[in-house]
Every structure is written in structure tokens, then in C-alpha cells.
Amino acid sequence: MNPLTYLAMALDTLPDFGRVLLLAFLLTLVLYGFTRLLPGQMGSTLQVLYRKGALLALIGVPLCVYLFNVQVPVPVDEFRAFSTPVPGHAASVLLLIWLLGVAYHANKAFKIMSQTRAAAQQYPAAPAKLAARCQHWQKRLAYLQDVHVCAGGAEQGWHVGAGLGKSQTAIICVPAATVNWPAGLIDVMLLSQLAQLKQNQWRWLVFGRLVQALYWPAPWVSELLNGLAKHLVEPAERLAASAYRDNEGWARDVRSLAKRTDTLREIPELEANGLLRVPSNGVTWLPPQPSVDNVRVDGLVFEDKWVGTKQRMKDKTRDPYEQAYWLIAVASIVVGVSTTLTVVQRSPEFEPQYLKVKWQDQMVRRLYDDTVPSSENARTGESAASHQ
């Protein structure tokens with residue numbers, strides 16, 4: 001037997017939930033390993049798409065395999081199986097330990113979410129001018145959710161998203177000194193936080209924290225979430241800059257804001273201080289400056305243009321959506337197939353009945369059967385004539 005057959009026989013000793021646990025564990029390894037192949041620049045679209053898709057795959061792939069009872073058959077001539085209950089008992093023990101850990105970490109995650117919302121609600125409401133500017137930029141971004149703006153503390157701006165229902169409102173927390181800032185600085189800070197709310201960054205953090213609770217035995221899953229939280233900041237600032245509709249004004253206000261907030265505390269990484277917030281050190285993204293071709297005589301102008309042309313061709317041919325999809329699809333298919341193998345008895349080979357017919361015998365028998373009646377009739381006629 002080949003190694004594939006032995007692997008299928010070994011997997012058959014596990015119950016269905018044991019196969020799912022093994023699939024989920026291997027899937028975390030492959031998805032985390034693929035993050036090493038992604039470009040490392042901050043705010044990369046591929047990084048954001050892949051990490052979001054990986055979090056969804058960690059829930060969707062094991063759930064679909066378990067609900068639809070996906071199995072990949074391995075046909076064998078002689079059915080064999082390892083008759084031992086040890087893998088099944090070990091899987092039951094691991095399942096019990098996993099459920100206890102999920103209960104503990106899920107409870108911890110809900111406490112962190114409650115503490116984050118409570119920390120945002122402890123600050124007083126911001127003055128009316130900040131609320132009016134917030135409503136103005138909400139209309140610009142087409143963000144219709146109710147937003148409450150509060151001012152307090154000495155940290156960079158942060159937010160807490162609304163719940164799934166309409167009873168809760170989103171909260172934006174700005175530093176206490178913001179009430180005395182010029183309008184341009186206030187607009188940049190509010191718009192950057194509204195852009196994060198528009199892109200549902202808070203909900204992605206909550207979803208990722210629940211996935212992290214489910215995969216608590218695999219600590220590298222938390223790195224997927226932490227990396228996603230870091231890469232979410234720059235896309236939101238790009239959206240905010242596009243909604244500002246003034247690149248020069250945005251760049252001027254961002255530089256002024258950086259000078260005003262250089263003494264404010266940065267938002268640390270996830271759960272560094274017991275709160276669930278997008279890590280940030282302030283609004284820093286600036287639109288790229290228009291490139292100006294410098295006339296040079298050293299003969300490198302053509303090479304520079306060729307490098308730029310290759311980069312533009314690369315950007316057109318390598319779609320981040322397609323790259324993220326194929327990475328996640330390959331990981332899911334490989335791990336899914338390798339953990340759903342099962343041994344089945346090979347059915348007998350089908351052989352059409354007409355192949356078993358001996359045409360020469362059929363033809364001889366038919367000719368013989370056709371000649372027998374005629375000879376018998378001749379003999380019968382001869383005997384009748386002799387009697388007469």
C-alpha cells in the first residue's frame with residue numbers, strides 16, 4: 001500500500017470532530033506561513049485582504065467540512081483498518097480541554113470589549129462645534145450610523161464601533177486639548193476616525209478577537225490579528241484624504257497636527273493596556289508627491305523610466321484581490337484534502353457483457369441450427385417414400 005492509504009487508515013481512527021480539530025490546527029500553520037510571502041510595507045492592500053480572508057477561512061473551512069461531512073475517498077483492493085480506540089479517546093480529551101479554554105478566552109474577550117466601551121464613555125461630551133464637524137464629515141463619507149464625540153485624556157484619537165444592533169452608537173474619543181485647536185486639525189483627526197468606522201475596523205477587531213479565542217491553542221493566530229490591526233490604519237487615512245478633497249490642505253493640516261500631538265501618548269498594540277483599540281501614533285499618511293522627471297546626462301533616464309514601466313505593469317497584472325484569494329484557496333484545499341481522506345473498498349472493474357461473447361461460436365451454432373431442420377425434413381421425406 002502507498003503512504004496515502006496509510007494516512008487515510010490513520011485518519012479513519014479519528015472521530016469527525018477529531019478530523020476537524022486537526023484540520024483547523026494545520027490550517028492555522030499554513031495560513032500563518034503564507035504571511036511570510038506577503039509584501040511587508042505598511043498599509044498594503046494585499047496584507048489587509050489576506051489577513052481578513054484568513055480569519056474568515058479559519059471559521060468557514062472547518063465549519064463547512066464538519067456540516068457537509070466532506071470526505072475524500074482512497075480506493076483500495078482489500079479493505080483494512082487500524083482497530084485501536086486510543087486516537088478517539090485522545091481526541092475526546094483534547095476536545096474537552098479545547099472547550100474549557102474557549103469558554104475562558106471568550107469570557108476574557110467579552111470583558112475586554114466591555115472595558116473598552118466603558119473607557120470611552122467615561123469622558124465628557126465634546127463641545128457642539130466638534131459634534132457639528134463630525135456630522136459634516138459623516139455626510140461626506142456617507143456614514144449614517146449615530147456617532148458620539150467625547151473629549152478627554154491625553155492620548156491620540158481612537159474610537160469604539162457600534163454593535164450589531166441600532167441601540168448602541170459609535171464613540172470617537174479625541175484628546176482634551178482638541179477643543180482649542182484650529183478647525184483644520186480637528187477635521188483631520190475626526191475624519192481619520194470616521195474613515196476607520198466606515199471601514200468597520202472595530203468590528204473586524206471584535207471578530208478577530210473571537211477567532212483568537214477559538215484558536216487559543218495556536219498563539220500565532222493572534223499575530224494575524226495584530227498584523228491586521230496595524231495595517232488597517234493607512235487605508236483609513238487614504239480614504240480620509242480622498243474625502244478631504246484637498247491634497248495640499250490635507251498635507252498641511254497633517255503636518256500641523258503632528259506638531260500638536262507629538263507629546264500625546266500613542267495607542268498601544270492590542271490589549272497592551274486591557275483595551276481593544278486600533279494601534280496608532282496619530283495621523284501621518286500624506287498623499288504622494290507628483291513625480292518630476294529630472295533631465296540628466298548620465299544616461300540613466302531610460303533605465304529609470306523602464307523601472308517605472310515594469311512597476312506599473314506589475315501593479316496591473318498582480319491584483320491583490322486575486323492574490324489573496326488564491327493563497328487562501330490553496331491553503332484550504334491542501335489542508336482540507338489531507339485531513340479528509342478515508343479508505344473505501346474499490347468497486348469491481350466494469351466489463352461490458354458484449355466483450356464476453358465469442359462471436360465465432362455464436363455464428364457456428366447459428367449455422368448448425370439452421371441446417372438441422374432441412375436435413376431432418378429430407379430424411380423424413382425419404383422414409384415416407386419407401387413406405388409408399
Side-chain angles (χ1 to χ4, degrees), residues 7 10-11 13-38 40 44 46-67 70 87-113 201 203-232 268-272 274-276 278-279 324-341:
L7 177 60
L11 291 174
T13 60
L14 293 174
D16 292 340
F17 63 85
R19 287 172 175 262
V20 174
L21 292 177
L22 179 61
L23 183 149
F25 180 76
L26 295 179
L27 189 61
T28 60
L29 293 175
V30 178
L31 291 177
Y32 175 69
F34 279 169
T35 57
R36 305 297 182 180
L37 305 177
L38 303 180
S44 171
L46 180 58
Q47 285 274 2
V48 175
L49 293 174
Y50 177 79
R51 292 176 185 272
K52 287 182 177 180
L55 293 176
L56 291 173
L58 290 176
I59 297 295
V61 174
L63 187 62
C64 291
V65 170
Y66 181 77
L67 293 179
V70 178
H89 296 336
S92 301
V93 174
L94 292 177
L95 177 63
L96 179 60
I97 297 174
W98 174 74
L99 290 176
L100 294 175
V102 168
Y104 171 77
H105 286 85
N107 183 46
K108 182 180 177 181
F110 283 114
K111 285 183 179 180
I112 291 174
M113 298 173 199
Q201 294 189 5
R203 292 181 178 176
W204 276 107
L205 293 184
V206 172
F207 175 72
R209 188 61 185 83
L210 295 178
V211 174
Q212 184 180 354
L214 291 175
Y215 285 88
W216 64 268
W220 49 87
V221 175
S222 61
E223 199 281 331
L224 289 174
L225 177 59
N226 295 335
L228 174 63
K230 295 177 182 178
H231 288 281
L232 284 175
E269 295 184 359
L270 295 181
E271 304 179 23
L275 300 179
L276 186 65
V278 178
Y325 167 79
W326 281 113
L327 285 175
I328 296 172
V330 169
S332 303
I333 293 174
V334 171
V335 176
V337 170
S338 62
T339 55
T340 56
L341 298 175

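The shortest non-hydrogen separation linking Ala331 to Leu27 is O-CD1, 3.9 Å. Pairing each heavy atom of Leu23 with each of Pro62, the nearest pair is CD2-CG, 3.8 Å. Considering every non-hydrogen atom in both Leu11 and Ser338, the closest pair reads CD1-O, 3.4 Å. Of all heavy-atom pairs spanning Leu14 and Ala91, the tightest one is CD2-CB, 4.5 Å. Taking every heavy atom of both residues into account, Arg51 and Leu228 meet most closely at CD-N, 3.5 Å. Taking both residues in full, the closest heavy atoms of Val61 and Ser332 are given as CG2-OG, 3.5 Å, listed atom of the first, atom of the second, then distance.
Just one residue in the list Tyr50, Tyr215, Phe207 forms a side chain to side chain contact (heavy atoms under 4.5 Å, CB included) with Leu55, and that residue is Phe207.
Of the inter-residue distances, the one linking Gln201 atom CD with Leu232 atom CG reads 4.5 Å to the nearest 0.5 angstrom. Atom-to-atom distance recorded for Leu210:CG and Leu205:CG is 11.0 Å, nearest 0.5 angstrom. The NZ atom of Lys52 sits 12.0 Å away from the CD1 atom of Ile328 when rounded to the nearest 0.5 Å. Note that CH2 of Trp98 and CG of Leu95 are 7.0 Å apart. Values are rounded to the nearest 0.5 Å. Between the OG1 atom in Thr339 and the CG atom in Leu341 there is a gap of 7.5 Å [rounded to 0.5 Å]. The CG atom of Leu49 sits 12.0 Å away from the NE2 atom of His231 when rounded to the nearest 0.5 Å.
For residues 18-30, every residue pair satisfying the side chain to side chain donor-acceptor pair (under 3.5 Å) rule, not counting sequence neighbours, is listed here: Asp12-Arg19, Thr28-Trp220.
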- Message: For a side chain to side chain contact (heavy atoms under 4.5 Å, CB included) check, start with the C-alpha distance between Val221 and Tyr32, then their side-chain angles and the critical distance, and finish with the verdict.
- Response: CA-CA 7 Å; Val221 175; Tyr32 175 69; over 6 Å; no
- Apply side chain to side chain contact (heavy atoms under 4.5 Å, CB included) to the pair Leu31 and Val335, showing each step before the final yes or no. CA-CA 10 Å; Leu31 291 177; Val335 176; over 6 Å; no
- Please test Leu275 against Ile112 for side chain to side chain contact (heavy atoms under 4.5 Å, CB included), starting from the C-alpha separation and ending with a verdict. CA-CA 6 Å; Leu275 300 179; Ile112 291 174; 5.8 Å; no
- Item | Evaluation steps, side chain to side chain contact (heavy atoms under 4.5 Å, CB included), between Val65 and Thr340 | CA-CA 8 Å; Val65 170; Thr340 56; 3.9 Å; yes
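A donor-acceptor pair is defined here as one N or O able to donate and one able to accept, closer than 3.5 Å; no such pair exists between the side chain of Asn107 and the backbone of Ala103.
By the 4.5 Å heavy-atom criterion applied to side chains, Phe17 and Ser92 are counted as neighbours. A 4.5 Å side-chain heavy-atom check between Arg209 and Lys108 finds at least one atom pair inside the cut-off.
Remark: Phe34 CZ is packed, more than 12 non-hydrogen atoms of other residues, nucleotides or ligands lying under 6.0 Å away.
Checked against side-chain hydrogen bond (donor to acceptor under 3.5 Å, both in side chains), Lys230 has the following partners two or more places apart in sequence or in another chain: Glu269.
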